[in-house]
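Have a look at the structure below before the remarks.
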Amino acid sequence: MDFTPDPGRAPKTAADGVRLARTVAAGPEHFGPGFVRRAPYESDPAGWAVLDGDCLWQRQSPLPSGVLASLTRRSELPAQGGKGPLRVSAVVTVHRDVSGADWELARTLEEALRCPQQQLSRTEKITDLLSQGTVFGAGGNRYADDALGELGKYHSDELGGPHHYYWDQARIGQVTVAVVSKGSKGRTKEELDEATSAAVSSMLIRLQQELEAAQ
């Protein structure tokens, strides 16, 4: 990773965090051809998702004092050709400091061990969740300070299941970016992987452009 941050460009306020998150977060155009916005498209950056003690994801607001902003954008590749929709979400979380962002990835790893089955909503859940983290320079990670990947099985009242499920997350400095991809009938691992990788890569590029020192 050929990147030198400029401390003067690091976000310091909630307004800085929101601006950065909206600049970096992937929209449908970053996942590949044919993706469109899904309603609701954008979350309130003053709240974020938290996994509770019962392994249920819930929206929490306001944010902890160590988090400046957390933005989620939802997109999908609509059902076509006998295949169901491929639904994706991009998440950018801007922490007040590096240690907070580092702890977010550590907590995500712990959550997969604590809750290999997680309830995403009243109608969605994931099972058989496996998680692996890699620091820069290990396991092919040459693009971020830390990276994390999860895979599991996705179940939906609407779309059935089990289907493929991916979560890909990376950290540069005080900012984390992530993509979740949820499959459906006919959607392959390769399709999810391609969409996930394209969006994460695009977010990391924009993040570096926003934070790097002038050359």
Side-chain angles (χ1 to χ4, degrees), residues 1-14 16-27 30-31 43 45-51 57 60 63-73 88-115 118 129-152 165-181 192-193 195-213:
M1 181 173 60
D2 185 14
F3 168 65
T4 303
D6 179 352
R9 301 184 71 179
K12 298 175 177 62
T13 66
D16 292 340
V18 171
R19 184 201 64 79
L20 180 63
R22 288 199 165 121
T23 299
V24 171
H30 300 113
F31 288 93
S43 71
W48 68 347
V50 175
L51 188 66
W57 284 98
Q60 183 183 83
L63 291 167
S65 60
V67 182
L68 299 177
S70 186
L71 181 73
T72 299
R73 285 179 175 162
V88 294
S89 298
V91 186
V92 178
T93 301
V94 184
H95 292 262
R96 197 170 293 278
D97 53 39
V98 173
S99 63
D102 190 37
W103 175 242
E104 182 191 346
L105 266 74
R107 186 178 64 247
T108 303
L109 281 169
E110 183 274 331
E111 287 172 344
L113 294 173
R114 176 172 66 89
C115 297
Q118 301 177 6
L129 191 63
L130 297 173
S131 183
Q132 181 175 354
T134 52
V135 298
F136 178 74
N141 176 10
R142 307 293 300 178
Y143 54 87
D145 294 326
D146 286 298
L148 183 152
E150 293 184 343
L151 58 86
Y165 173 90
Y166 284 159
W167 169 271
D168 195 357
Q169 187 172 27
R171 176 183 69 82
I172 292 180
Q174 71 193 83
V175 183
T176 67
V177 303
V179 168
V180 57
S181 298
L192 270 70
D193 184 60
T196 301
S197 297
V200 170
S201 296
S202 76
M203 288 195 287
L204 290 174
I205 289 170
R206 288 191 297 282
L207 179 57
Q208 290 186 28
Q209 289 172 341
E210 288 295 310
L211 299 181
E212 70 184 346

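Since the model is a prediction, treat every value here as computed from it, not as a measurement.
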Quick one: [atom1] on [X] to [atom2] on [Y], what's the gap to the nearest 0.5 Å?
X	Y	atom1	atom2	answer
Y165	L192	OH	CG	11.0 Å
S70	L63	OG	CG	6.5 Å
Q174	L68	CD	CG	6.5 Å
E104	L148	CD	CG	9.5 Å
L151	T196	CG	OG1	11.0 Å
L105	E110	CG	CD	13.0 Å

Could you please spell out the steps behind the side-chain contact (heavy atoms from CB on, under 4.5 Å) verdict for V67 and T93? CA-CA 7 Å; V67 182; T93 301; 3.8 Å; yes
Could you walk me through whether R171 and V98 pass the side-chain contact (heavy atoms from CB on, under 4.5 Å) check? CA-CA 9 Å; R171 176 183 69 82; V98 173; 3.4 Å; yes
Give the C-alpha distance, both sets of side-chain angles, the deciding distance and a yes or no for side-chain contact (heavy atoms from CB on, under 4.5 Å) between Q169 and E150. CA-CA 9 Å; Q169 187 172 27; E150 293 184 343; over 6 Å; no
Least distance between heavy atoms, [X] atom then [Y] atom:
X	Y	result
M203	V92	SD-CG2, 3.9 Å
A170	A144	CB-CB, 3.8 Å
D97	G100	OD1-N, 2.9 Å
S131	A112	CB-CB, 3.5 Å
F31	A198	O-CB, 4.3 Å
D193	Y166	N-CE1, 3.7 Å

Starting from the C-alpha separation in whole Å, work towards a yes-or-no answer on side-chain contact (heavy atoms from CB on, under 4.5 Å) for E210 and V175. CA-CA 11 Å; E210 288 295 310; V175 183; over 6 Å; no
Side chains of [X] and [Y], heavy atoms from C-beta outward: is any pair under 4.5 Å?
X	Y	result
L207	L20	yes
L204	I172	yes
V18	L71	no
L129	W167	no
L211	P11	yes

Determine whether a donor-acceptor pair (N or O, by modelled atom type, separation under 3.5 Å) exists between the side chain of [X] and the backbone of [Y].
X	Y	answer
D145	G173	yes
S202	A199	yes
R73	R22	yes

Where at least one partner belongs to residues 196-209, residue pairs that pass salt bridge (charged side-chain N to carboxylate O under 4.0 Å, His left out), sequence neighbours excluded: none
Could you check whether atom CD of Q132 has more than 12 heavy atoms from other residues, nucleotides or ligands sitting under 6.0 Å from it? no
Determine whether the side chains of S99 and D102 contain a donor N or O and an acceptor N or O closer than 3.5 Å. no
Could you verify whether a donor N or O on one side chain and an acceptor N or O on the other, from E111 and Q118, lie under 3.5 Å apart? no
